[in-house]
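Remarks on the structure that follows.
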Amino acid sequence: MRFARLAARSVTIETVSEARSHGGTQGVYKHSSAATGTDMVFSVFVPGGERGPMPVLWYLSGLTCTHANVTDKGEFRAACAEHGIIFVAPDTSPRGEDVADADGWDMGQGAGFYVDATEEPWSPHFRMWSYVTDELPALVAAHFPVAMDRQGITGHSMGGHGALTVALRHPDRFKSVSAFAPIVAPGQVPWGQKALGAYLGPNPAAWRKHDAVALIEDGARLPELLVDVGTADPFLDTELKPELLEAACADAGIALTLNRRSGYDHSYYFISTFMADHIRWHADRLA
């Protein structure tokens, strides 16, 4: 693996694939995770050229997704190459025959909700909070030319929830935060209530540290947020409820740019349309 050879390695990374794109390298990599106790796969785009350490934008994906959804359909590479931003996309959950799963698509493998589960049968492997906040950043910092003092984070749907909550609980780490169609108040909507109840137990008080609106109500602060939602998103009124984030940010004095995109849905057609706008917004704050 070309980039891994540049640094001393304490964790072995296996190259799944690498391809030239927009003058840089789009790679997919696998490693054994101490956080989840499973192999984990993630993708990294590194712009080309002799740029030195570059800012990094973390992208957290939504329900049913892997790293591959945004990697294949997100249309981020041209903008990242232009602005010199490394783009990292992890998986959404641990996977494997020995990993707990559920019959529905909104629980279990592919639906980790970026929490460290405390309840059986999820707690042995579903530790996505530790994975995306500690283990993966350390791994990426050791193997890729990232400037860890210039980090941004974004995500879609369940991953938008993850991006907002990670940033609200680590405000000194991230210089820019955005989201596409995020689940802003999982404690108040069916997707979140089902997942948080299963992973963290039945007491809603335990959910608040993984709920962006609740975190803001409880005092968490960020200078500004960028959020895009589609007005034709079928989940807008039942699962996303951006008006709750809008009200919480107004009460807290957080500068929220909330774009309601007319006619757009929840899909990657929506995300890819506005991805370059988000990357440009992050670039201005990561420069």
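These numbers come from the heavy atoms of this one structure, side chains and all, not from hydrogens, waters or symmetry mates. Bear in mind the structure is a predicted one, so any value in this text is a computation, not a measurement.
With respect to the salt-bridge test (charged N to carboxylate O, under 4.0 angstrom), the residues Glu135 and Arg127 do not qualify. By the 4.0 Å N-to-carboxylate-O rule, Arg208 lies too far from Asp211 to be salt-bridged with it.
Between Phe180 and Met275, the closest side-chain pair of non-hydrogen atoms falls below 4.5 Å. Between Leu244 and Gln188, some side-chain heavy-atom pair lies under the 4.5 Å cut-off. Contact of the Val46 side chain with the Phe87 side chain is not registered, since no non-hydrogen atoms from C-beta on lie closer than 4.5 Å. Using a 4.5 Å cut-off on side-chain heavy atoms (C-beta onward), Glu18 and Tyr29 make contact. The side-chain heavy atoms of His31 and Met40, taken from C-beta on, include a pair separated by under 4.5 Å. Between Val56 and Val88, some side-chain heavy-atom pair lies under the 4.5 Å cut-off. Residues Thr231 and Tyr264 have side chains not in contact (no heavy-atom distance under 4.5 Å, counting atoms from C-beta outward). Using a 4.5 Å heavy-atom cutoff, the side chains of Val44 and Ile86 are in contact.
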Fill in: Check against side chain to side chain contact (heavy atoms under 4.5 Å, CB included), Thr238 and Val189
CA-CA 7 Å; Thr238 56; Val189 299; over 6 Å; no
Item to complete: Could you give me the CA-CA distance, side-chain angles and deciding distance for Glu82 and Arg280, then say whether salt bridge (charged side-chain N to carboxylate O under 4.0 Å, His left out) is met?
Response: CA-CA 9 Å; Glu82 176 185 353; Arg280 188 178 307 110; 5.8 Å; no
Worksheet entry | Verdict with reasoning, Phe144 to Met54, per side chain to side chain contact (heavy atoms under 4.5 Å, CB included) | CA-CA 9 Å; Phe144 297 89; Met54 287 171 275; over 6 Å; no
Practice prompt. Take Phe270 and Asp233, measure what side chain to side chain contact (heavy atoms under 4.5 Å, CB included) needs, and give me the verdict at the end.
Written response: CA-CA 9 Å; Phe270 157 62; Asp233 191 320; 5.6 Å; no
Practice prompt. Report the C-alpha distance between Val70 and Ile271 in whole Å, list the side-chain angles of each, state the deciding distance to 0.1 Å, and finish with yes or no for side chain to side chain contact (heavy atoms under 4.5 Å, CB included).
Written response: CA-CA 9 Å; Val70 69; Ile271 297 167; 5.5 Å; no
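Distance check: Arg221 CZ to Cys249 SG gives 9.0 Å after rounding to the nearest 0.5 Å. Here the CD atom belonging to Glu119 is positioned 7.5 Å from the CG atom belonging to Leu200, to the nearest 0.5 angstrom. With values rounded to the nearest 0.5 angstrom, Phe76 atom CZ is found 14.5 Å from His83 atom NE2. To the nearest 0.5 angstrom, His278 atom NE2 is 6.0 Å from Thr154 atom OG1. In this structure, Ser176 OG and His282 NE2 are separated by 4.5 Å, a value rounded to the nearest 0.5 Å. One distance of note links CG of Leu139 with CG of Asp134; it measures 12.5 Å at 0.5 Å rounding.
Residue pairs meeting the salt bridge (Lys or Arg N to Asp or Glu O under 4.0 Å) criterion with at least one partner in residues 180-196, sequence neighbours excluded, are Asp106-Lys194. For residues 34-56, the side chain to side chain donor-acceptor pair (under 3.5 Å) pairs, not counting sequence neighbours, are Ser33-Thr36, Thr36-Thr38, Ser43-Thr71. Among pairs with a residue in residues 234-250, those fulfilling salt bridge (Lys or Arg N to Asp or Glu O under 4.0 Å) read Glu246-Arg260, at least two apart in sequence or across chains. Applying the ring pair (Phe, Tyr, Trp, His ring centres under 6.0 Å) rule to pairs touching residues 211-233 yields nothing, sequence neighbours excluded. Screening residues 56-69 for side chain to side chain donor-acceptor pair (under 3.5 Å), with sequence neighbours left out, gives Trp58-Gln151, Tyr59-Tyr268. A salt bridge (Lys or Arg N to Asp or Glu O under 4.0 Å) check over residues 93-103, counting only residues at least two apart or in different chains, returns the pairs Asp91-Arg95. Sorted by first then second residue, the salt bridge (Lys or Arg N to Asp or Glu O under 4.0 Å) pairs that include residues 168-177, not counting sequence neighbours, number zero.
Here Phe126 pairs with Trp122, Tyr199 under the ring-ring contact (aromatic ring centres under 6.0 Å, His included) rule; sequence neighbours left out. Listed by chain and residue number, His156, Phe235 satisfy the ring-ring contact (aromatic ring centres under 6.0 Å, His included) test with His266 (two or more places apart in sequence, or in another chain). Taking Thr257 as the reference, Leu226, Asn259 meet the side chain to side chain contact (heavy atoms under 4.5 Å, CB included) condition, with sequence neighbours excluded. Partners of His170 according to the ring-ring contact (aromatic ring centres under 6.0 Å, His included) rule, which considers only residues two or more places apart in sequence or in another chain, are Trp129. Qualifying ring-ring contact (aromatic ring centres under 6.0 Å, His included) partners for Phe45, counting only residues two or more places apart in sequence or in other chains: none.
Between the side chain of Arg150 and the backbone N or O of Pro53, at least one donor-acceptor pair lies under 3.5 Å.
A single hydrophobic cluster is not seen to contain both Ile279 and Val140; linkage of ILVMFWY side chains at heavy-atom distances under 4.5 Å, directly or through other members, places them apart. Linking Ile, Leu, Val, Met, Phe, Trp and Tyr whenever their side-chain heavy atoms come within less than 4.5 Å leaves Met158 and Val41 in two separate clusters. Following chains of ILVMFWY side-chain contacts shorter than 4.5 Å, one can reach Leu168 starting from Leu256, so the two form part of one hydrophobic cluster. Both Leu136 and Met128 are part of a single hydrophobic cluster, where members link through side-chain heavy atoms under 4.5 Å apart. Hydrophobic clustering, with ILVMFWY side chains joined whenever heavy atoms are under 4.5 angstrom apart, groups Val115 together with Val213.
The side-chain tip of Arg261 points at the ring of Phe274 from less than 6.0 angstrom away and within 45° of straight on.
Annotation for Leu164 and Leu245: closest pair CD1-CD2, 4.3 Å, computed over non-hydrogen atoms. Taking each heavy atom of Gly110 and Ser93 in turn, the nearest pair found is N-OG, 2.7 Å. Considering every non-hydrogen atom in both Ala163 and Ser178, the closest pair reads CB-O, 4.1 Å. Val132 and Pro90 make their closest contact through CG1-CG, 4.2 Å (heavy atoms, listed as atom of the first residue, atom of the second, distance). A pairwise comparison of heavy atoms in Pro186 and Leu196 identifies CB-CD1, 3.9 Å as the closest pair. In terms of heavy-atom proximity, Gly230 sits nearest to Leu236 at O-CD2, 3.8 Å.
For His161 and Phe113, the distance between ring centers is under 6.0 angstrom.
Remark: the His210 side chain and the Thr165 side chain contain no N/O donor-acceptor pair separated by less than 3.5 Å.
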